[in-house]
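First comes the structure, then the notes that go with it.
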Amino acid sequence: MKSYLRQIIRQSLTQFDLSEDDIPEIQIEKPNQPEHGDSASNIALNLAGVLKDNPRNIAEQIVENLNYDERKVAAVEIAGPGFINFRYAENYLFDELQAVLDQEQDFGKTTSLDGQRILLEFVSANPTGPLTVGHGRNAVLGDTVARLLEWTGAEVDREYYFNNAGRQMRKLGQSVRTRYLQELGQEAELPEDGYEGEYIRDIAQALVEEHGDKLVDEEGITVFKEKAESMIFEDIQATLQRMNIKMDSFFNEQEVYDDGSIEKAVEAFREKDLAYDKDGATWFRTTNFGKDKDTVLIKSTGEPTYRLPDIAYHANKLDRGYDQCIDVFGADHIDTYPDVLSGIQALGYDPDKVDVVVYQFVTIVKEGKPFKMSTRKANFITLDELMDEVGSDITRFFFLMRSPNTHLEFDIAEAQAEGEKNPVFYLQYAHARIHSILRKVEDEYSFENDPNLGLLSHESESKLIKTMIRFPEMIQSAAESREPHRLINYLEDLASDFTSFYHDCRILGEDEGLVQARTALAKAVAQVLANGLGILGISAPEQM
RNA sequence: GCGCCCGUAGCUCAACUGGAUAGAGCAACGGCCUUCUAAGCCGUAGGUUACAGGUUCGACUCCUGUCGGGCGUACCA
């Protein structure tokens with residue numbers, strides 16, 4: 001509908017003798033007040049400056065020349081300072097309802113990103129320990145944005161980037177070795193800043209089972225590190241799977257060292273005078289890109305900082321032919337992002353092809369108190385523990401229900417509450433309730449002809465249909481803004497409109513024609529709820 | 001100090017990216033189950049959108065400043 005209205009307005013605007021550049025974007029919005037119609041455009045207000053005329057006059061001229069299909073639009077009014085308000089025709093609602101019924105599990109899909117290949121990088125936790133709730137927000141956000149983009153036509157690959165070579169991993173290996181020796185009754189102490197988590201002992205135990213005491217004299221840490229890495233990755237993948245997340249690829253940072261792209265990048269920077277040596281280190285002129293300070297690319301020890309492989313990695317992604325690369329990361333990494341953009345730009349890539357989703361931190365609230373966490377110190381709550389407490393559906397929902405850009409308070413008590421306090425159940429309950437009705441209808445009736453949707457004339461019915469058919473637009477906007485919480489807000493509206501309908505209009509026991517029409521409506525709503533919950537990665541039970 | 005993000009009902013958060021009278025949930029108060037799931041519905045109350053200016057037809061949204069909170073600000077990742 002939005003695009004239809006845009007199109008007829010654009011048609012009408014040809015009367016004004018405006019150049020393309022003078023025409024502002026034609027915005028179509030859903031007014032807050034129902035008496036302002038079903039859709040409204042502020043185009044006349046936006047044109048007032050360009051045309052040097054008062055907005056109401058402009059609106060009148062636009063409406064005068066507006067050719068619209070009466071099967072779609074019932075009325076056009078000018079209101080307030082110059083808004084153009086549209087009322088939908090009843091037939092339009094019925095046509096759209098029919099479309100929902102026809103398209104079923106595909107209703108809501110759009111083609112705006114058809115043919116686009118997108119690489120979405122997320123989670124990307126190094127294999128030093130189990131995933132924590134912080135990674136959880138990352139994982140769920142990334143996966144859901146991927147699903148949204150898929151619904152708008154894109155082909156999305158999910159990639160996990162990791163580093164198994166750095167200082168952290170050495171500490172991990174040393175920590176495992178210590179625990180291994182302790183398991184065998186030997187004196188050993190954790191290194192400074194070693195990992196204290198219980199899972200380190202599990203890894204050590206596995207090594208004892210596998211090798212007995214044969215590793216006691218092992219001076220190097222490679223065996224310990226490798227065992228740790230493989231066990232931790234197994235664990236991470238199991239956790240992700242529990243949340244309905246499946247990565248398409250894992251990219252080891254080591255690759256960009258091995259294939260020489262790191263050296264190549266540095267050389268390219270040097271050629272463009274964007275890199276120089278100072279104090280034994282190699283620096284990147286980030287000041288050329290508007291930063292206060294230059295940044296070290298290679299330390300005086302000869303080891304690159306993480307920025308350099310990061311840049312090479314992004315170049316690698318674009319080399320693989322993706323139209324767009326999206327990274328999901330926490331607010332604590334925000335500073336490196338501009339450097340990566342500068343880096344790939346310097347290498348001749350289009351920085352517009354790289355986009356980020358930044359999310360703020362998660363605070364777990366347990367028994368009314370915030371819970372502070374650190375992976376190394378092991379006083380964290382793992383994602384698995386969180387799911388043990390509240391399950392995967394609620395975990396996903398809570399991570400998604402707020403805008404990524406605000407701090408998230410995850411109240412375990414609220415999440416555990418059955419029903420009343422818990423918003424997840426509200427959506428699932430509406431879905432289950434519809435299926436309960438559908439089961440009863442199936443038992444009691446058998447319809448021979450198509451439903452007469454024209455019988456749906458109750459106010460609650462129209463409202464419900466109007467909300468329902470906004471679904472594709474919602475997906476579109478949630479995907480474009482990479483903000484899944486919009487979809488959640490929408491689904492709550494839809495569920496709420498359905499329950500109002502449920503209370504106002506009975507289905508069973510009415511005239512057979514009405515039973516059939518309302519059943520069709522209910523079925524369509526269930527379909528949209530199921531589609532929406534599916535995008536969120538949350539189950540839509542038919543019975544509760 | 002500097003940079004990024006945030007400040008909206010008692011609490012947790014929305015507000016379609018500048019639109020018309022700022023909305024939900026929880027908490028509080030009142031009402032609704034002999035008919036499709038009361039995990040629900042209806043109603044009442046709750047606001048100077050942190051504060052002060054500015055931009056314009058119009059500001060929670062943009063700009064400047066102040067206050068408060070978070071995260072960065074390493075030759076750590």
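Note that the structure is predicted; figures quoted are calculated from it, not measured. First the proteins, then the strands, lettered A, B, ... as listed; each starts at 1.
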First of A/His333 and A/Pro404 reached from the 5' end of RNA chain B, by closest nucleotide: A/Pro404

Touch class at under 4.0 angstrom, heavy-atom based, for A/Ala432 against every strand present: base

Listed nucleotide nearest any side-chain atom of A/Glu483, set B/C36, B/U17, B/G70: B/U17

Selected nucleotide, minimal atom distance to A/Arg506 side chain, candidates B/G19, B/C36, B/A20: B/C36

Nucleotide paired to B/G72 in any strand shown, Watson-Crick or G-U, under 3.5 Å: B/C2

Touch class at under 4.0 angstrom, heavy-atom based, for A/Met401 against every strand present: nothing

Check: A/Arg518 side chain, A/Leu508 main-chain N or O, donor-acceptor pair, under 3.5 Å: no

Phosphate contact (B/C6 OP1 or OP2) by A/Asn405 side-chain N/O below 4.0 Å: yes

Protein-nucleotide distance (A/Met169, atom CE; B/C76, atom C1'), rounded to Å: 16 Å

Interatomic distance where OH belongs to A/Tyr502 and P belongs to B/C33 [whole Å]: 15 Å

Pair assignment for B/A59, Watson-Crick or G-U wobble, requiring both distances under 3.5 Å: none

P gap between B/C26 and B/U21, integer Å: 28 Å

Ring-ring centroid check A/Phe251 A/Tyr313, cutoff 6.0 Å: yes

Neighbour count >12 (heavy atoms, 6.0 Å) for atom NZ, A/Lys291: yes

Atom-to-atom span, CZ of A/Phe399 to P of B/U12 - whole angstrom: 18 Å

Under 3.5 Å on both distances, the Watson-Crick or G-U partner of B/U12: B/A24

A/Arg486/A/Glu483 ion pair, N-O < 4.0 Å: yes

Flag if over 12 foreign heavy atoms under 6.0 Å of CD, A/Glu35: yes

Nearest-neighbour nucleotide for the A/Thr406 side chain, B/A14, B/A39, B/A20 considered: B/A14

Distance in angstrom units between A/Asp310 CG and B/C76 C1', rounded: 14 Å

Watson-Crick/G-U partner (both atom distances under 3.5 Å) of B/G40: B/C32

Salt bridge A/Lys317-A/Glu121, side-chain N to carboxylate O under 4.0 Å: yes

Rounded distance in Å - NE2 (A/His431) to C1' (B/G40): 18 Å

Nucleotide opposite B/G47 in a Watson-Crick or G-U pair, distances under 3.5 Å: none

Nucleotide B/A14, atom P - distance to CG of A/Asn32 in whole Å: 17 Å

Selection from B/C16, B/A15, B/U12 that lies nearest to any side-chain heavy atom of A/His485: B/A15

Pair of N/O donor and acceptor under 3.5 Å linking B/U37 base with A/Arg439 side chain: no

Sugar-phosphate, base or nothing in reach of A/Ser403, heavy atoms under 4.0 Å: sugar-phosphate

Parallel, tilted or perpendicular: ring planes of A/Tyr445 versus A/Phe447, cut at 30 and 60 degrees: parallel

Sugar-phosphate only, base, or nothing, as touched by A/Glu409 at under 4.0 Å among non-hydrogen atoms: sugar-phosphate

Within the 6.0 Å centroid threshold, strictly below: A/Phe284 and A/Tyr276: no

Of the listed nucleotides B/C13, B/A20, B/C41, the one nearest the side chain of A/Ser500: B/C41

Whole angstrom value for the distance that separates P of B/C36 from CG of A/Leu514: 17 Å

Rounded interatomic separation in angstrom, taking CD1 from A/Ile434 and C1' from B/G40: 14 Å

Residue closer to the 5' end of RNA chain B, A/Gly80 versus A/Arg486 (nearest nucleotide): A/Arg486

A/Phe162/A/Phe233 aromatic ring centres below 6.0 Å: yes

Touch class at under 4.0 angstrom, heavy-atom based, for A/Glu510 against every strand present: nothing

With the criterion being N/O to N/O and under 3.5 Å, what pairs connect the protein with nucleotides 72-75 of chain B, and how long is each?
{"unit_1": "B/G72", "atom_1": "O2'", "unit_2": "A/Asp335", "atom_2": "OD2", "d": "3.3"}
{"unit_1": "B/A74", "atom_1": "OP2", "unit_2": "A/Lys293", "atom_2": "NZ", "d": "2.8"}
{"unit_1": "B/C75", "atom_1": "O2", "unit_2": "A/Ser300", "atom_2": "N", "d": "2.5"}
{"unit_1": "B/C75", "atom_1": "O2", "unit_2": "A/Ser300", "atom_2": "OG", "d": "2.7"}
{"unit_1": "B/C75", "atom_1": "N3", "unit_2": "A/Ser300", "atom_2": "OG", "d": "3.4"}
{"unit_1": "B/C75", "atom_1": "N4", "unit_2": "A/Asp279", "atom_2": "O", "d": "3.0"}

B/C41 OP1/OP2 closer than 4.0 Å to side-chain N/O of A/Tyr426: yes

Short side-chain N/O contact from A/Asn126 to OP1 or OP2 of B/A77, under 4.0 Å: no

Sugar-phosphate, base or nothing in reach of A/Asp294, heavy atoms under 4.0 Å: nothing

Distance, C1' atom - from B/C51 to B/G19, rounded to whole angstrom: 25 Å

Ionic contact status for A/Asp497 with A/Lys463, cut-off 4.0 Å: yes

Aro-ring/base stack A/His503-B/G40, d under 5.5 Å, angle under 30°: no

Distance below 4.0 Å between A/Arg470 side-chain N/O and B/C16 OP1 or OP2: no

